[in-house]
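Remember, predicted model here, so these are calculated numbers, not experimental data.
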There are 4 protein chains.
Amino acid sequence: MARPAVSRARGTAAAARRETAPARAAAKDPGAASGRDDRRKQILKAAVKVFAEKGYHGCRISDVAEEAGVAYGLVYHYYGNKDGLLASVFDTNWAFFAKAVDEIAESGATMRDKLSHIVELAFQAFEMAPLVVKVLVLEFGRNARLGEALDNPQVARVFKSITRIFEDGKKTRELYEGIDPSAMSILFIGALETAFVSFVLTNQGTRSKVQSAVTLDTMKKTLIAMLHRGALGGGHAHGL
Amino acid sequence: MARPAVSRARGTAAAARRETAPARAAAKDPGAASGRDDRRKQILKAAVKVFAEKGYHGCRISDVAEEAGVAYGLVYHYYGNKDGLLASVFDTNWAFFAKAVDEIAESGATMRDKLSHIVELAFQAFEMAPLVVKVLVLEFGRNARLGEALDNPQVARVFKSITRIFEDGKKTRELYEGIDPSAMSILFIGALETAFVSFVLTNQGTRSKVQSAVTLDTMKKTLIAMLHRGALGGGHAHGL
Amino acid sequence: MARPAVSRARGTAAAARRETAPARAAAKDPGAASGRDDRRKQILKAAVKVFAEKGYHGCRISDVAEEAGVAYGLVYHYYGNKDGLLASVFDTNWAFFAKAVDEIAESGATMRDKLSHIVELAFQAFEMAPLVVKVLVLEFGRNARLGEALDNPQVARVFKSITRIFEDGKKTRELYEGIDPSAMSILFIGALETAFVSFVLTNQGTRSKVQSAVTLDTMKKTLIAMLHRGALGGGHAHGL
Amino acid sequence: MARPAVSRARGTAAAARRETAPARAAAKDPGAASGRDDRRKQILKAAVKVFAEKGYHGCRISDVAEEAGVAYGLVYHYYGNKDGLLASVFDTNWAFFAKAVDEIAESGATMRDKLSHIVELAFQAFEMAPLVVKVLVLEFGRNARLGEALDNPQVARVFKSITRIFEDGKKTRELYEGIDPSAMSILFIGALETAFVSFVLTNQGTRSKVQSAVTLDTMKKTLIAMLHRGALGGGHAHGL
DNA sequence: AATGAATGAGATTTCATTCAT
DNA sequence: GATGAATGAAATCTCATTCAT
C-alpha cells in the first residue's frame with residue numbers, strides 16, 4: 001500500500017522498514033481483542049486526536065504516545081515511524097468510507113440516490129467522528145508532499161467509484177451532458193470536503209468570524225440541492 | 001491583519017517584531033522598483049516557488065534565500081521569520097484576487113454572470129500563476145493551525161463577497177430557494193479550490209494515476225454547468 | 001522554585017517543559033548511583049567546569065556535552081535548556097551551603113562564632129571546589145536578568161538565616177546598635193563574595209596585576225578581624 | 001587602555017580596528033559641543049540605559065541605537081564594536097570616580113575620614129546615576145571573561161589608591177594590625193559594590209522579597225559603622 | 001512487548017559586523 | 001558623518017529515530 005512521505009526524512013534510513021514488527025498481530029486471539037491490539041488501537045485513536053488538535057507537523061510522536069498512555073517507543077514498535085502512523089490512521093479510517101462508497105456505487109439505485117447516499121454517509125461520518133474526518137481531510141488529503149495521496153489505492157478507488165456513478169449516470173441520461181464524470185467527481189468530493197473543512201476550521205478552531213451560522217444540516221441540504229438543480233435558475237432551470 | 005501561525009511556536013518575541021524593519025519601503029520611486037523593493041519581491045517570488053515545490057514544512061528558509069539569490073539573513077530582515085514570509089506571500093497574492101472578486105460582486109451583472117466571472121478569474125489566475133495558487137490553496141488555505149486563516153480579513157472578505165452574490169441572487173430569485181447563500185459560498189469556493197488542488201496534485205506532483213485526463217477547461221465547464229443546472233437531470237432539470 | 005532567565009528569552013514553551021522527563025530519577029538504587037543518575041551528575045559536573053572556564057554566555061551547550069562525554073541532546077533531555085542547566089547547577093550546589101548556613105544559624109553558638117563558622121565554611125567550600133563557587137558567584141549571583149536570583153527561595157533563605165543571626169546578635173547585645181541586621185547581612189555576604197571573586201578573577205584568570213599577593217588565608221583573617229573589630233581604631237576601638 | 005572582550009568574537013576580524021574613526025572628534029569646537037559630540041554622548045547615555053535594563057548580553061547594538069535615536073551603523077562608526085561601546089561606557093563613567101578617589105587618597109585627612117568620604121562619594125554617585133553604577137558593577141565589574149577588568153588601569157588605580165589609604169592607616173596606627181591593607185581594600189570595595197547590587201537587583205528588578213526594607217541610608221550607615229567598630233561587640237569592642 | 005535514555009541531523013533564528021550609498 | 005541593507009557565523013533547540021534493557 002502506498003504510504004505518504006510527509007515528514008522530512010530525519011535520522012537515518014528508517015522509513016524503509018515501516019510497520020515491520022507486529023504487522024501480523026491482530027490475527028491471533030480472535031474474538032476477544034488481544035491486549036496487543038488494544039494498544040495498537042489506543043495509539044491509533046490517540047493519533048487521530050492529536051493530529052486533529054495540533055496537526056501532523058505540529059505534534060510529536062511523544063504527544064501521541066502520551067495521549068495513548070504508552071511509551072513513545074511503542075509507537076515505533078507498532079507503526080515504524082511517524083509517516084507510518086499517519087498512513088495507518090488513514091488506512092484504518094478511510095477503509096470504512098471506501099467500502100461504503102463502493103457498495104453504494106454498485107447498488108442498483110439511481111444516480112441521484114447514490115449521490116444522496118454518499119452525502120448522507122459522509123455527513124453521518126462527520127457527525128460521528130469529526131476528528132477522524134478532520135485528519136483525513138486536512139492532514140492526509142492535503143499536503144504538498146502528498147501528490148502521493150492520490151496514488152493511494154484506497155483513495156483512487158473512491159474516486160473511481162464516484163466517477164463510475166457519474167459515468168453510469170451519463171449512460172442512463174441522468175447526468176446532464178455538459179458534465180464530465182471525472183471532473184464532476186472531483187468537484188463533488190471537493191465540495192463535500194470543503195464543507196467539512198469549513199466546519200472543522202470554524203467551529204473547532206475556537207472562534208469563527210465567517211459562516212458559523214451555517215449548520216451542518218443546511219450545508220447538506222444545500223449540497224444536495226445544488227447537485228440536483230444547480231445553484232441558479234428561478235422557476236425554470238434551463239440555463240446557460 | 002491576521003497572520004498565520006503555521007510552525008510550532010518557537011519564541012514569541014520574534015513574531016511580534018515581524019516585518020518591522022523596512023516596512024516603509026515601496027513608497028519612494030514609483031514606476032521603477034527601488035532596489036530594496038526588488039529584493040523583497042525577489043524573495044517573495046522565490047518563496048512562492050519553493051513553497052509550491054517542497055511545501056512550507058518541507059523547505060528551509062535557506063532554500064528560499066538561495067532561490068532568490070540572497071543571504072538567508074535577508075529573509076529575516078524583511079519578513080521576520082518563516083511564518084511572516086508565508087503570511088506575506090499570502091497577503092500579497094491574495095489581495096489581487098480579493099479585489100477582483102469584490103469588484104465582480106459589486107458589478108451590476110446577474111448572479112450567473114458574476115459567478116461565471118469569478119470562475120473565469122480563478123482559472124485564469126491558475127493558468128497564469130499555478131504556483132501561486134498552489135501555495136495559497138495548499139499551504140495557507142489548509143492547515144490545522146489555521147483556523148486563523150479564516151480570521152484573515154482578506155479571506156473573510158472574499159467569503160463575504162461571494163455570500164453576498166448569492167444573497168443578492170436570492171432577492172432577484174436567481175438563486176434556487178433551497179440554497180443557503182452562506183453554505184453555497186463555501187461549497188462554491190470548495191469546489192473551485194478542489195479543482196485546483198486536483199490539478200496541482202496530479203499534474204505537478206509527477207505521476208498521476210487518477211484524473212489526469214481531465215483538462216482545466218473541462219473542469220471549468222463542468223463547474224459552471226453544475227452551478228447552472230446541477231449535475232443531475234436529463235433533458236429537463238426540474239428534479240428533486 | 002524560582003529559575004533564572006539568563007539568556008534572551010527564546011521560546012517560552014520550552015521553559016515550561018524544563019526538566020520534565022527524568023525528574024523522578026534518583027530514588028531507585030540508593031548507594032550506588034543508578035546509571036541514569038550518573039549521566040545527570042556527569043553533565044552537571046561538566047557544566048560547572050565549562051561555565052567556570054568560559055562563562056555561561058561564552059560557552060555552548062555542546063561544550064558542556066563534550067566535556068561530559070555525552071551527546072548534547074541529552075543535556076536537553078535532562079535539563080530542558082541552557083537556563084535550566086544553570087538553574088540546576090545552582091540548585092544542586094547551593095543547597096549544600098544553604099543547609100549548612102541554616103544549621104549554623106540555628107546552633108546555640110554566639111553570633112561571633114556563627115559568623116566565623118560561616119566564613120570558615122565558605123572558604124572551605126572555595127578551597128574544595130573553587131569552580132563551583134566561581135559559577136555560583138559569577139554566573140548566577142550576578143546577572144542583570146537576575147533580579148530573580150533573589151527570588152530564588154534558597155538564596156532568600158540564606159539571606160534570612162544570616163539576617164537572623166544578626167538580629168539575634170542584637171538581642172544579646174552582641175551586635176553593635178549602629179548596625180542594621182538586614183543591611184549587615186548584605187554587606188557580609190558581599191564582602192565574602194567579593195573575596196572569592198577577587199581570587200577567581202585574579203588567580204584563575206591568567207595574569208593578575210592587582211592583589212595576587214593576598215592569600216586566601218589573609219583574606220579570611222582580615223574579614224573576620226573586620227567583623228570583630230572594624231577596620232579602624234588603633235589600640236582601642238571606640239570610634240565614630 | 002585595556003578593553004574587555006565580552007562578546008564571543010563574531011563575524012570576521014573586526015575587533016582589531018576598534019574605535020578608529022572619530023576618536024579625535026571632541027577636540028574641535030571647544031565650548032559648544034559640536035553636533036558630533038552630541039551624538040557620541042547620546043549613544044553613550046543610551047548604552048548605559050540599555051545595558052542597565054537588559055544587560056550587555058541581553059541587548060542588541062540596535063537597541064542602543066534605537067534608544068539613542070540614531071542608526072546602528074553610527075554606533076560602529078563611533079565605538080568600533082559592542083565591546084568597544086561597553087569599554088567606553090566604563091572609561092567615561094569610571095574616570096570620575098577614579099579621580100575623586102585619588103584625590104581623597106591624597107588628601108591629608110585621617111583614614112577614617114578618607115573612607116567615609118569614599119563611601120559618601122559612592123552613595124552619592126549611586127543616588128545620582130544608579131543606572132551607571134549598575135552597569136559598572138554588574139556588566140563590567142563582574143564577568144567571567146573579564147579577569148581583564150582588573151587589568152584595566154583605571155580599575156587598578158582605584159584599588160591601589162584604596163589600598164594605599166589602608167597602608168597609610170597602618171603607619172599612623174589607625175588601622176587595626178590584624179587587617180591586611182590589600183585584603184581590606186578588596187573587602188571594602190566588595191561590600192560597597194554589593195550594597196549597590198542589592199539595591200539594583202531588588203528595587204529596580206520589579207519586586208523584591210528579600211531586603212527591600214533596607215534603605216540606602218541605612219546601608220551607608222551600617223557600612224561606616226562596621227568599618228569603624230566592626231559588627232560585633234556590645235559595649236566594648238575589643239574582641240577576638 | 002515495552003520502555004525511555006541516548007543520539008544527532010537539521011532547522012530556525014539572532015545579531016554583530018560590513019559596506020555601499 | 002549617517003544610514004540601514006546585506007551577510008553569514010554560530011548558537012539554541014526540536015524531535016524523529018535507534019537501541020539496550
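If you take NZ of B:K82 and P of E:dG10, they are 15 Å apart, rounded to a whole angstrom. Rounded to whole angstrom, the span from the CG atom of D:N81 across to the P atom of E:dT17 amounts to 5 Å. Rounded to an integer number of Å, the gap from CG of D:D38 to P of F:dA2 is 10 Å. Remark: P of E:dG4 and CD of A:E66 are 11 Å apart, rounded to the nearest angstrom. Between the OH atom of D:Y76 and the C1' atom of E:dA20 there is a distance of 17 Å, rounded to whole Å. Distance OH (B:Y79) to P (E:dT14): 17 Å, rounded to an integer number of Å. For B:L74 and E:dT14, the CG to P distance is 15 Å, given to the nearest whole Å. Going from atom NZ of D:K54 over to atom P of E:dT14 covers 13 Å, rounded to whole Å.
A donor-acceptor contact under 3.5 Å links the side chain of D:Y72 to the base of F:dA5.
In this structure, B:I61 and B:G73 both approach DNA chain E, and ranking their closest nucleotides by distance from the 5' end singles out B:I61. Along DNA chain F, the nucleotide nearest to B:G69 and the one nearest to D:A71 differ in position, and the one closer to the 5' end is contacted by D:A71.
Side chain of C:Y56 to backbone of C:D83: a donor-acceptor contact under 3.5 angstrom is found. With A:Y78 contributing its side chain and A:L85 its backbone, the two residues share no donor-acceptor pair below 3.5 Å. Judged purely by atom type and a 3.5 angstrom limit, B:Y79 uses its side chain to pair as donor or acceptor with the backbone of B:R40.
Using a 4.0 Å cut-off, some side-chain N or O of C:R39 falls inside it from OP1 or OP2 of E:dA6. Checking the phosphate oxygens (OP1, OP2) of E:dA6, no side-chain nitrogen or oxygen of C:H77 falls inside 4.0 Å.
B:V89 and B:A47 make their closest contact through CG2-CB, 3.7 Å (heavy atoms, listed as atom of the first residue, atom of the second, distance). For B:K82 against B:C59, the heavy-atom pair with the smallest separation is NZ-O, 2.8 Å.
Across all strands shown, E:dA5 forms a Watson-Crick or G-U wobble pair, both distances under 3.5 Å, with F:dT18.
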